[in-house]
Q: 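Sharing a structure below in structure tokens format, with a few things to ask.
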Amino acid sequence: MNDEVTDLYQEVILDHSRNPRNFGPAEGADLSAKGNNPLCGDRVTIFLKLNGDRISEVKFDARGCAISLASASMMTEMIKGKSIEEAKTLFRKFLALVTGENEIGAGPDLADLKTLSGVSRFPTRIKCATLSWHAMVGALNGIDEEIKTE
Ligand code: FES
């Protein structure tokens, strides 16, 4: 990846981590789940409101590193308005991207999430990037207990 692209990617990640979108607890959520990264103890809670099988609102509350906050922020923007199945499919694609199974650009619908593809070279950072996603899918699957990235 050339330096300009790397800089752009870092800018997008920094912007989302400093000004996370859809941040804060949600009143009256239909579904919620907590995620925990045992490597660092950072936590995230995802709140979802549904309209039929569509995600009409999504918020998150978290304490975590820049990568985890940026990933959660981008995720909330991406899954709002999606159906439950579409959100789960997006999770699978994102997982493939950050674990290095996808070539960059292979998932046109991943948009800004592609800026996180660099974590594939750092196994511990993959957990940071996927923390909120595991919690989101856990919420959709009705899992009650805290979801770990392990
Ligand atoms: Fe804790 Fe990244 S260091 S989630």
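If you read the sequence from its start, that first residue is 1, and numbering goes on from there. Atoms within each ligand, like the ligands themselves, are counted from 1 in listed order. Below, each value reflects all heavy atoms present in this structure, side chains not excepted, and no hydrogens, waters or symmetry copies.
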Q: Which atoms form the tightest heavy-atom contact between A87 and M136, and what is the distance?
A: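 Smallest interatomic distance, heavy atoms only, reads O-CE, 3.9 Å.
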
Q: Would you say the side-chain atoms of R63 pair up with the backbone N or O of G41, donor to acceptor, closer than 3.5 Å?
A: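 Answer holds: yes.
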
Q: So which protein N/O/S atoms does atom 2 (Fe) of ligand 1 have within less than 2.8 Å?
A: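 Near atom 2 (Fe) of ligand 1, the protein supplies C65 SG, C128 SG.
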
Q: Look at the aromatic rings of F94 and W133 and report parallel, tilted or perpendicular, splitting at 30° and 60°.
A: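 Ring orientation of F94 relative to W133: parallel.
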
Q: We want to know whether N22 and K80 form a side-chain donor-acceptor pair, criterion being a heavy-atom distance below 3.5 angstrom.
A: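 Short answer, no.
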
Q: Quick one: do the N51 and S56 side chains pair a donor with an acceptor below 3.5 Å?
A: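 The criterion, which ignores hydrogens and geometry beyond distance, is not satisfied for S56 and N51.
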
Q: Locate the shortest heavy-atom distance separating V44 from S132; write the atom from each residue and the value.
A: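 So the two residues come closest at CG1-CA, 3.9 Å.
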
